[in-house]
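Numbering starts at 1 and runs along the sequence shown.
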Amino acid sequence: MLENSNISSNIIKPKVISQFTYYIETYGCQMNVSDSELVSNELEKIGYTSSDKIELADLILLNTCSIRDKAEETVHNRLNSLHYLKKNNPKLLIGVIGCMAQNLKNELLDSKPYIDIILGPDSYRKISEIVYNRNNKINHIVDTKLSKYEVYDNMYPSRNSGVNAWVPIMRGCDKFCTFCIVPFTRGRERSRTIESIVKEINLAIEEGFVEITLLGQNVNSYKTPDGDFPVLLEKVANIRGVKRIRYTSPHPKDINVDVLKVMSKYDNICKNIHLPLQSGSTKILKMMNRTYTKENFLNLVKVIKEYLPDCSLSTDIIVGFPGENDFDFQETLDVVNKVEFNFSYMFKYSSRPGTKAAQYTNQINENIKQERLEELIELQNNIRLKVNKSKIGKIEKVLIEKNSKKSDQFWSGRTDGNILTIIKKNNEKVKDIVDVLITDAKGLSLFGENINNKGQIS
Ligand code: SAH
Ligand code: SF4
Ligand code: F3S
């Protein structure tokens, strides 16, 4: 078996082959979506074409996530169900890439020896060589070396067409929240140069994308000799053709006044911040190593509203972290009530082997976690509806994205604050930004009418 550093000794340079197809299934966060686009492009360079049907592909890659136990379980089940395809087509290659590959490495082969390729998130530069070699009968390949430097500069993604382009600006995480596997699967923080990010965005604009989402495990830890996150954000805002900019995810500790000033200065930077709270209890936040208190967080929200009065906030919350008692949970509900996030991802704590919190002795019983999650979801759903209803009668700028799922008489788009909005079609087009009078709010969505005379445009 080839492993890590000795791969290069057996490398045969890939040649272009045209008869093969690939299929990538992506799990986890937007960073994985973006990585899958990079990997697709590398495969296309050696002549692989994308297949719509997994059963017909010659190469199946699962780009995986380890963030919670369930995420790994889903991929284990998927791999079990893919095994039969291999029985019908012995030449089929199956690869596991991404965070689970990094987390479990060779262990994956113990239960699933039919996996051909295991590649961690810093090894994608080698993917075409590895696939080529594997086709030429070199044994399983496991490459999970993390790099301090790899940012995939000069590798361009093969993006699906659309409105929004994901653009990674940094990789890795040095924060080591005690519950989180990411610092282990993604390695240390490193930033791309401003120059290469700007180049990639210009290319994306040429390809027809109008919204740019800057991505990173901690976007605002972005650091280069030419400037930090606020400098980058301002550069991006000045690129011609960029109608909208979003970024995800920042760490509350690293949101500073400079970022907020740049956000307030440019209309094309959406007034929407994803601000992961995790818990409202200062005691739990300390045990999580989040480096802020409940008061710090509430104060930050106040400062954000001073600079950006209409800024919408979304968040991530974990319930049932070890040691969380009823009072701590009430503290979380209190912050949720006070801040009124317009959207929240809510999770039950999942113990991740290897992290510090997995060793804590005061783990919370599953039923209590479930009850707390349900209570939190109910509260948040009510708040979201209230926030959405408060938009009725107001005018929102909506970027038209696609046909609405329910009817092709309607468009689906997003407000600046990232709320899904449905409008009746008039003479606007996909990628237009139109003024929409909000007339109703139901479920996750807003409903409204385009009030621009000719369906025009920003
Ligand atoms: N870098 C981002 C988050 C990446 S992970 C940040 O700091 O915000 C996305 C979310 O998954 C986290 O915000 C957290 O809410 C959740 N998460 C991470 N580890 C988890 C765990 N062990 N159990 C439950 N949820 C977890
Ligand atoms: Fe995980 Fe914390 Fe890093 Fe986010 S900041 S990726 S939650 S360790
Ligand atoms: Fe999952 Fe890795 Fe993203 S663990 S959330 S795919 S960084």
Side-chain angles (χ1 to χ4, degrees), residues 1-4 7 10 12 14 17-29 31-33 35-40 42-44 46-124 126-145 158 181 184-185 350 352-354:
M1 185 192 303
L2 276 173
E3 275 200 48
N4 291 346
I7 271 193
N10 286 3
I12 304 166
I17 36 179
S18 55
Q19 74 276 34
F20 289 140
T21 59
Y22 73 92
Y23 186 97
I24 306 187
E25 210 161 77
T26 306
Y27 299 82
C29 63
M31 201 65 163
N32 265 10
V33 174
D35 283 349
S36 289
E37 293 174 345
L38 278 183
V39 166
S40 297
E42 288 305 288
L43 293 171
E44 285 162 18
I46 58 164
Y48 270 77
T49 50
S50 157
S51 164
D52 295 340
K53 294 204 171 68
I54 198 164
E55 316 84 59
L56 301 180
D58 302 293
L59 167 67
I60 297 173
L61 295 176
L62 302 189
N63 193 1
T64 59
C65 173
S66 284
I67 201 81
R68 283 168 291 277
D69 192 37
K70 258 215 180 109
E72 288 196 348
E73 200 186 303
T74 309
V75 170
H76 279 301
N77 292 339
R78 187 65 172 142
L79 284 165
N80 291 340
S81 76
L82 291 176
H83 190 189
Y84 83 97
L85 290 175
K86 199 128 188 177
K87 289 184 188 138
N88 301 336
N89 174 12
K91 283 195 180 149
L92 168 68
L93 297 185
I94 295 183
V96 179
I97 64 175
C99 290
M100 200 169 150
Q102 189 65 44
N103 194 26
L104 301 178
K105 307 186 176 76
N106 284 320
E107 219 183 293
L108 273 170
L109 292 175
D110 296 342
S111 61
K112 297 173 180 66
Y114 53 88
I115 298 174
D116 298 278
I117 295 167
I118 297 181
L119 280 191
D122 285 348
S123 303
Y124 301 147
K126 298 179 197 148
I127 192 135
S128 50
E129 289 175 349
I130 285 171
V131 166
Y132 187 83
N133 280 321
R134 182 66 189 127
N135 273 326
N136 286 286
K137 307 260 179 313
I138 297 172
N139 219 329
H140 302 293
I141 294 186
V142 179
D143 189 317
T144 52
K145 237 166 102 180
S158 170
I181 197 76
F184 304 94
T185 61
S350 164
R352 309 312 294 131

**Request:** With the side chain counted from C-beta on, respond yes when D69 and R352 share a heavy-atom pair under 4.5 Å apart, and no when they do not.
**Result:** yes
**Message:** Within the structure provided, determine whether L61 and Y23 are in side-chain contact (heavy-atom separation under 4.5 Å).
**Reply:** no
**Prompt:** Taking D143 for the side chain and S123 for the main chain, is one N or O donor matched with an acceptor at less than 3.5 Å?
**Reply:** no
**Prompt:** Atom CD in E72, atom CG in L108: separation rounded to 0.5 Å?
**Reply:** 8.0 Å
**Message:** Would Y22 and E44 count as a side-chain hydrogen bond (donor to acceptor under 3.5 Å, both in side chains) here? Give the steps.
**Reply:** CA-CA 9 Å; Y22 73 92; E44 285 162 18; 2.5 Å; yes
**Asked** Quick one: do the T26 and N32 side chains pair a donor with an acceptor below 3.5 Å?
**Response** no
**Request:** Verify side chain to side chain contact (heavy atoms under 4.5 Å, CB included) between V96 and I117, making sure each step is shown before the conclusion.
**Result:** CA-CA 6 Å; V96 179; I117 295 167; over 6 Å; no
**Pairing of K145 and D122 as salt bridge, 4.0 angstrom limit** = no
**Item:** Contact summary for G120 and A101, nearest pair of heavy atoms
**Value:** N-CB, 4.4 Å
**Request:** Check L119 against Y124 and note the closest heavy-atom contact, atom names and distance.
**Result:** O-CE2, 4.2 Å
**Prompt:** Is there a side-chain contact between L59 and Y48 (heavy atoms, below 4.5 Å)?
**Reply:** yes
**Message:** Is it true that E55 and N89 share a donor-acceptor pair across their side chains at a distance under 3.5 Å?
**Reply:** no
**Asked** If every non-hydrogen atom of P353 is compared with every non-hydrogen atom of I181, which pair is closest and at what distance?
**Response** O-CD1, 3.9 Å
**Message:** Main chain of I141, side chain of R134: is a donor-acceptor contact present, judged purely on distance under 3.5 Å?
**Reply:** no
**Request:** Run the salt-bridge test on D116 and K91 with the 4.0 Å N-O cut-off and return the result as yes or no.
**Result:** no
**Fill in**
Separation between NE2 (H76) and CG (L62), nearest 0.5 Å, reads 11.5 Å
**Request:** Measure the spacing between CG of N103 and OG1 of T144 and express it to the nearest 0.5 Å.
**Result:** 10.5 Å
**Item:** N/O donor-acceptor pair under 3.5 Å between Y114 side chain and K87 backbone
**Value:** no
**Item:** Check against side chain to side chain contact (heavy atoms under 4.5 Å, CB included), N80 and K112
**Value:** CA-CA 8 Å; N80 291 340; K112 297 173 180 66; 3.2 Å; yes
**Asked** Is any side-chain heavy atom of I24 less than 4.5 Å from a side-chain heavy atom of S40?
**Response** yes
**Spacing of C99 atom SG and M31 atom CE [to the nearest 0.5 Å]** = 9.5 Å
**Asked** Which pair of non-hydrogen atoms, one from S66 and one from M100, has the smallest distance, and what is that distance?
**Response** OG-CA, 3.2 Å
**Message:** Test your reading of the model: is there a side-chain donor-acceptor pair from T64 to the backbone of I97, 3.5 Å cut-off?
**Reply:** yes
**Request:** Let me see the working for L79 and I115 under side chain to side chain contact (heavy atoms under 4.5 Å, CB included), right down to the final yes or no.
**Result:** CA-CA 9 Å; L79 284 165; I115 298 174; 4.1 Å; yes
**Request:** Could you please spell out the steps behind the side chain to side chain contact (heavy atoms under 4.5 Å, CB included) verdict for N63 and V39?
**Result:** CA-CA 10 Å; N63 193 1; V39 166; 5.9 Å; no
**Request:** Assess the side chains of E37 and S158: does a donor N or O sit below 3.5 Å from an acceptor N or O?
**Result:** no
**Request:** For the residue pair I130 and N133, establish whether any side-chain heavy-atom pair is separated by less than 4.5 Å.
**Result:** no
**Prompt:** If you measure from the Lys or Arg side-chain nitrogens to the Asp or Glu carboxylate oxygens, is any gap between R78 and E73 under 4.0 Å?
**Reply:** no
**Item:** Where A57 and T21 come nearest, the two heavy atoms and their spacing
**Value:** CA-OG1, 3.3 Å
**Message:** Working to the nearest 0.5 angstrom, can you tell me the gap between L82 CG and I94 CD1?
**Reply:** 5.5 Å
**Minimum side-chain heavy-atom gap K126-E42 below 4.5 Å** = no
**Message:** Taking Q102's backbone N and O only, do any of them form a donor-acceptor pair with K105's side chain (distance below 3.5 Å, no angle check)?
**Reply:** yes
**Request:** Measure the shortest side-chain to side-chain distance between T74 and Y27 over non-hydrogen atoms and say whether it is less than 4.5 angstrom.
**Result:** yes
**Prompt:** What's the spacing between L85 CG and I54 CD1 if we round to 0.5 Å?
**Reply:** 7.0 Å
**Message:** Can you confirm whether L93 sits close enough to D58 that some side-chain heavy atom of one is under 4.5 Å from a side-chain heavy atom of the other?
**Reply:** no
